[in-house]
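Along the sequence shown, residues are numbered consecutively beginning with 1. Just so we're clear, the structure is a prediction, and the values are computed from it rather than from any experiment.
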Amino acid sequence: NLGIAFLDKLRRVGFMQSYYTSTYLSRKRKRQLKEKIIFYVVGILIAILAAFLLVRFCFFGITMRGDSMKPNVSDGQFCIAGRYTIGSPKRGDIVVFQKGEEGSSYYIKRVIAVPGDSVWITDGKILVNGKEIEQKGSEKILSGGLASKKIKLGKEQYFVLGDNYNNSEDSRVASIGNVKRDRIIGKVILKLW
């Protein structure tokens with residue numbers, strides 16, 4: 001009898017051990033699943049936050065409207081621009097700026113002259129500080145507009161032109177004029193479709 005009771009006890013201990021082992025494994029699997037879900041949710045939230053911060057402080061997208069920058073940027077072409085958080089626009093940069101106050105239209109143009117420069121458009125040529133600069137457009141400039149007379153740029157002022165010189169509303173017209181630095185949002189760094 002003692003032997004049978006002992007074997008029965010061993011059987012019950014083995015059953016209990018397997019019961020506790022399966023319960024432990026089941027709980028472990030559930031805990032691992034919860035940890036995986038939390039890991040993915042946190043990862044997605046971090047990715048969304050990083051994307052928001054990049055768009056808010058570093059980059060933004062804009063679609064070109066009109067033909068004023070042809071042949072270099074076409075109507076409907078999507079561009080990625082980097083914000084000028086550090087540094088300032090340089091001569092030759094294609095920039096995005098607002099025409100007026102917050103909420104007004106956005107324009108894409110090329111910086112021709114920077115603060116302190118003098119600009120003059122004569123005989124279809126662009127002169128910056130008395131020297132002719134290489135033109136990005138393919139045609140001769142027919143109208144110098146405000147730049148038909150020499151313009152001296154003040155502090156924080158930029159002179160911008162569209163590459164399609166004869167079909168562009170830019171610094172040559174009074175409604176835009178010299179663009180102040182605080183109106184320039186960013187520089188086009190990538191042209192897509």
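Interatomic distance, Leu49 CG to Leu54 CG, rounded to the nearest 0.5 Å: 9.5 Å. The OG atom of Ser105 sits 12.0 Å away from atom CZ of Arg65, with the distance rounded to the nearest 0.5 Å. Atom SG of residue Cys58 and atom CD1 of residue Ile189 lie 9.5 Å apart, to the nearest 0.5 angstrom. Here the CD1-CD1 distance, from Ile112 to Ile121, works out to 8.0 Å after rounding to the nearest 0.5 Å. From Phe78, atom CZ reaches atom CD1 of Ile62 across 9.0 Å, with rounding to the nearest 0.5 Å. Summarising the geometry, atom CD1 belonging to Ile176 is positioned 12.5 Å from atom CD belonging to Gln98; distances are rounded to the nearest 0.5 Å.
Legend: residues meeting ring-ring contact (aromatic ring centres under 6.0 Å, His included) with Phe97, ordered by chain and number and at least two apart, are Tyr107.
Here the side chains of Arg83 and Phe60 are in contact, with some heavy-atom distance below 4.5 Å. Val114 places a side-chain heavy atom less than 4.5 Å from the side chain of Tyr158. Between Pro89 and Ile184 the shortest side-chain heavy-atom distance falls below 4.5 Å. Looking only at side-chain heavy atoms (C-beta outward), Phe159 and Ile151 come within less than 4.5 Å of each other. Within the 4.5 Å cutoff, no side-chain heavy atoms of Lys150 are placed close to those of Val119. You'll find the side chain of Ser88 stays beyond 4.5 Å of the side chain of Glu156, heavy atoms only. Contact check for Asp117 versus Arg91: side-chain heavy atoms found under the 4.5 Å cut-off.
With hydrophobic clusters built from ILVMFWY side chains whose heavy atoms lie under 4.5 angstrom apart, Val95 does not share a cluster with Ile108. Linking Ile, Leu, Val, Met, Phe, Trp and Tyr residues whenever their side-chain heavy atoms come within less than 4.5 Å leaves Val96 and Val179 in two separate clusters. Side-chain heavy atoms closer than 4.5 Å link hydrophobic residues (I, L, V, M, F, W, Y) into clusters, and following such links, even through other members, never connects Leu127 to Leu153. Both Ile37 and Leu45 sit in one connected hydrophobic cluster of ILVMFWY residues. Membership requires side-chain heavy atoms under 4.5 Å apart, directly or through other members.
If you check the side chains of Asp93 and Tyr84, you find a donor sitting under 3.5 Å from an acceptor. Under 3.5 Å, the side chains of Glu169 and Ser68 contain no donor-acceptor pair of N or O atoms.
Under the 4.0 Å criterion applied to side-chain N and carboxylate O atoms, Lys70 and Asp67 are assigned as salt-bridge partners. Salt-bridge formation is not detected for the pair Asp170/Lys109: no Lys NZ or Arg NE/NH1/NH2 atom is positioned less than 4.0 Å from an Asp or Glu carboxylate oxygen. Between Asp182 and Lys180, no side-chain nitrogen of the basic residue sits less than 4.0 Å from a carboxylate oxygen of the acidic one, so the salt-bridge criterion is not met. Asp163 and Arg110 are joined by a salt bridge, as a carboxylate oxygen and a charged side-chain nitrogen come within less than 4.0 angstrom of each other.
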Between Val128 and Ile126, does a side-chain contact (heavy atoms from CB on, under 4.5 Å) hold up when you go through it step by step? CA-CA 7 Å; Val128 175; Ile126 306 168; 4.3 Å; yes
Verdict with reasoning, Ser74 to Met64, per side-chain contact (heavy atoms from CB on, under 4.5 Å): CA-CA 7 Å; Ser74 302; Met64 178 66 191; over 6 Å; no
Could you walk me through whether Cys79 and Val73 pass the side-chain contact (heavy atoms from CB on, under 4.5 Å) test, one step at a time? CA-CA 9 Å; Cys79 302; Val73 184; 3.9 Å; yes
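Of the possible polar contacts, none joining the Arg172 side chain to the Leu161 backbone as a donor-acceptor pair under 3.5 Å is found.
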